[in-house]
Amino acid sequence: MSQLQIYDSHQGALKTFTPLKEGHAGLYVCGPTVYSHVHLGNVRTFLSFDMVFRYLQFLGYKVRYVRNITDAGHLIDDADEGEDKVGRRAKLEQVEPMEIAQRYTVNFHDVMRAFNTLPPSIEPTATGHIVEQISMTQQLLENGWAYEANGSIYFDVDAYSKVHPYGELSGRNLDEMRSGTRELDGQTDKRSPIDFALWKKASEAHIMRWASPWGEGFPGWHLECSAMSTKYLGTSFDIHGGGMDLKFPHHECEIAQNKGANQDGGAQVWMHANMLTLNGKRMSKSTGNTLLPDELLSGDSPHLSKAYPASVARFFIHQAHYRSVLDFSDEALQAAEKGYQRLIHAWKALSERPGEGPSKGSFDVDHWQAQCVAAMNNDFNSPILIAHLFDAVKAIQADQQDRSLLGQSGAKVLLQHLNAWIFDVLGLQDQMRHAHAGSQKALDAAMGIVLQARKQARDQKDWSTSDAIRDQLAAGGIQVKDGTDGSTYTIGE
RNA sequence: GGUCUCGUGGCCGAGUGGCUAGGCAAGGCUCUGCAAAAGCUUGUACAGCGGUUCGAAUCCGCUCGAGACCUCCA
């Protein structure tokens, strides 16, 4: 059996996953900033790491998955402005900052539930860990990697870089960064433009503020993740994940803070999920090139021709590797929906397979399963896994003609494996069924009568009546499918 | 401007020195009262130019094109 290999973006190479504590895995992922709705690009990252979380569990690891909520602290303008996103939005809308954070946190959880992501083991908030952040800042001051200026504390990149390689993660060169940084207008307290804030003094207008040894203020951009990953996973842990756009400066600063305070860079492996683009450009809250989850689920967007179930979006996203840029389009979604339906229909057919045929079939289920595992062990290559799932689809369909292909035990084992891959690892759902679960029984009864009436008309070759029934049902969104052993119906496919 | 990534058949998207990726669409076929659905089947692609090699989509160089980061952003 192959071993799990993960691409470490720190080293730029595949690494065999060897957990620090056998049988356990610690995973930290940068969560959302809750000052507005998450868009589908954000969702892609969280789905990617949800898949990682699920697969680690599939492999038998006991996983502690920590994903934070940033409800304070990220500066909106230059460090000099000293105003954070949550605070600014709050003033615009005349509400309490925590009201904003709460609203969008609830929305975020709704979205995550809609996309069937598993909740993290711990979901800490930045505002709930001010004490830890102050403490880490003090540690950095004591160790000589930070300095106070006018009530604010900055990380001293120049001092740090004499001992540690700042820029190691993102492959940046300090001299180039210095020359490339634009001149600030002299209002800064920073010794060097590449220094970053650990703690910012709050101006009078700033409403999110906490007491600290340096006066009232708020934590800097990058500190919360260092403080919270250390608290819940330790100074050294297995995997740190996040979106590609966080690699610099956010993750670079995290490493510097961790090394500066804990003498350890934190994560053994850094994973970066790539961007989801829309019209060839990355989705971004600030440019407005976004698609919201609600718009996808309702179809209410100029980018979409129809609504799509969340599982279709999941399937679409997992059909691309997490490290590749994926371009979102209505056409691509439609293609994904068809494929997803074929997969689910085959799974359903297998789950309803009668116990026919020999015990052991000719399809080598063990070999097939090994291929699936090998695909996922190769840096979570979900597109290859899905390709293998379609091999199973083909076998299931052939088996309907010739029951010796799967055989009784083969069908049983294959179904167990498929359940694990489709539902447990990929996190897909049989949404066509779920969507109508409540009224399904009543609808089935009514449709049974309608289809029976149509069958009578067909038996009498009364085509005008049978076609009228079919057309009128179609107009109502119900599609009749005539098979060899009777008619069935589907809704909204 | 600097750093980096990518460019695969009509579309999406894997692969990374020799062996059919896969999905969707399209053509053909089966089934069918018709249609739909469903199933079977076909298609030889790797931006351009040059080089290395017995052999390159895969390695190297150049050119063109696209994107990301360098400033908050998954």
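Here is how names work: the chains are called A, B, and so on, in the same order as the sequence lines, proteins then strands, and each is numbered from 1.
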Visitor: Suppose we call a contact any N or O donor and acceptor under 3.5 Å apart; does that hold for the side chain of A:D482 and the base of B:A35?
Guide: yes
Visitor: Which whole number of Å gives the distance between the P atom of B:U52 and that of B:C60?
Guide: 15 Å
Visitor: If the C1' atom of B:C70 is compared with that of B:C54, how far apart are they to the nearest Å?
Guide: 46 Å
Visitor: Taking NE2 from A:H321 and P from B:C6, how many angstroms apart are they, rounded to a whole number?
Guide: 12 Å
Visitor: Let me know the distance between NE2 of A:H345 and P of B:G23, rounded to the nearest Å.
Guide: 16 Å
Visitor: So, for A:F115 and A:F46, is the gap between ring centers shorter than 6.0 Å?
Guide: no
Visitor: Measuring to OP1 and OP2 of B:G15, would you say a side-chain N or O of A:N381 lies under 4.0 angstrom away?
Guide: yes
Visitor: May I have the distance from A:Y322 (atom OH) to B:A14 (atom P), rounded to whole angstrom?
Guide: 13 Å
Visitor: Checking side-chain polar atoms at under 3.5 Å, does A:N68 have a donor or acceptor matched by the opposite partner on A:T70?
Guide: yes
Visitor: From CZ of A:R282 over to P of B:C69, roughly how many Å is that when rounded to an integer?
Guide: 4 Å
Visitor: Check whether any side-chain N or O of A:R342 sits under 4.0 Å from OP1 or OP2 of B:G23, and answer yes or no.
Guide: yes
Visitor: When you compare B:U5 with B:G9, how far apart are their C1' atoms, in angstrom units rounded to a whole number?
Guide: 23 Å
Visitor: Please report whether the ring centroid of A:W199 lies less than 6.0 Å from that of A:Y154.
Guide: no
Visitor: Under 4.0 Å, counting only non-hydrogen atoms across every strand here, what does A:G41 touch: a base, just sugar-phosphate, or nothing?
Guide: base
Visitor: If a pair means Watson-Crick or G-U wobble with both distances below 3.5 Å, what does RNA chain B look like in dot-bracket form, with | marking bases paired to a different strand?
Guide: (((((((..(((.....[...))).(((((.......)))))....(((((..]....))))))))))))....
Visitor: Could you check whether A:R44 gets within reach of a base, just the sugar-phosphate, or nothing at all, counting any heavy atom under 4.0 Å?
Guide: nothing
Visitor: Given atom CH2 of A:W463 and atom C1' of B:A36, what is their separation to the nearest angstrom?
Guide: 15 Å
Visitor: B:A14 and B:C73: how far apart are their C1' atoms, nearest whole angstrom?
Guide: 29 Å
Visitor: Heavy atoms only, 4.0 Å cut-off, all strands: where does A:K281 land among base, sugar-phosphate and nothing?
Guide: sugar-phosphate
Visitor: Could you check how far CG of A:L343 sits from P of B:G22, rounded to whole Å?
Guide: 15 Å
Visitor: In whole angstrom, what separates A:M376's CE from B:G15's C1'?
Guide: 17 Å
Visitor: With RNA chain B as reference, determine whether A:G171 or A:Q397 sits nearer its 5' end, using the nearest nucleotide of each.
Guide: A:G171
Visitor: Does A:S324 put a side-chain nitrogen or oxygen below 4.0 Å from OP1 or OP2 of B:A14?
Guide: yes
Visitor: Got a donor-acceptor contact below 3.5 angstrom from the A:S48 side chain to the A:R44 backbone?
Guide: yes
Visitor: Under 3.5 Å, is there any donor-acceptor pair linking the side chain of A:R470 to the base of B:C34?
Guide: yes
Visitor: Could you check whether A:F155 and A:Y160 have their ring centres less than 6.0 Å apart?
Guide: yes
Visitor: Would you say the base of B:G22 stacks on A:F390 (centre-to-centre below 5.5 Å, plane angle below 30°)?
Guide: no
Visitor: Please state the P separation for the pair B:A36 and B:G27 - nearest whole angstrom.
Guide: 11 Å
Visitor: Verify whether the ring centers belonging to A:H251 and A:W270 lie closer than 6.0 Å.
Guide: yes
Visitor: Taking the nucleotide of RNA chain B with the closest heavy atom to each, which residue, A:S329 or A:S284, is nearer the 5' end?
Guide: A:S329
Visitor: Determine the contact category for A:D467: base if any of its heavy atoms lies under 4.0 Å from a base atom, sugar-phosphate if only primed atoms, P, OP1 or OP2 are that close, otherwise nothing.
Guide: base
Visitor: Between B:C73, B:A36, B:G13, which one does the side chain of A:D245 approach most closely?
Guide: B:C73
Visitor: Measure from CG on A:L276 to C1' on B:C12 and round the result to the nearest Å.
Guide: 13 Å
Visitor: Among B:C12, B:C73, B:G33, which is the nearest nucleotide to the side chain of A:L326?
Guide: B:C12
Visitor: Using the benzene-type ring in the case of Trp, are the ring centres of A:H240 and A:F49 under 6.0 Å apart?
Guide: no
Visitor: Does A:K338 make a side-chain N or O approach to OP1 or OP2 of B:A25 shorter than 4.0 Å?
Guide: yes
Visitor: Has A:K461 got a side-chain N or O lying under 4.0 Å from the OP1 or OP2 atom of B:U32?
Guide: no
Visitor: Is it the case that A:Q369 and A:W421 place a side-chain donor and acceptor less than 3.5 Å from each other?
Guide: yes
Visitor: Any salt bridge (charged side-chain N to carboxylate O under 4.0 Å, His left out) involving residues 315-335 of chain A? Give me the pairs, sequence neighbours left out, ordered by first then second residue.
Guide: A:R323-A:D379
Visitor: Regarding B:G15, can its base be found pairing with the side chain of A:N378 as donor and acceptor, where the two atoms are less than 3.5 Å apart?
Guide: no
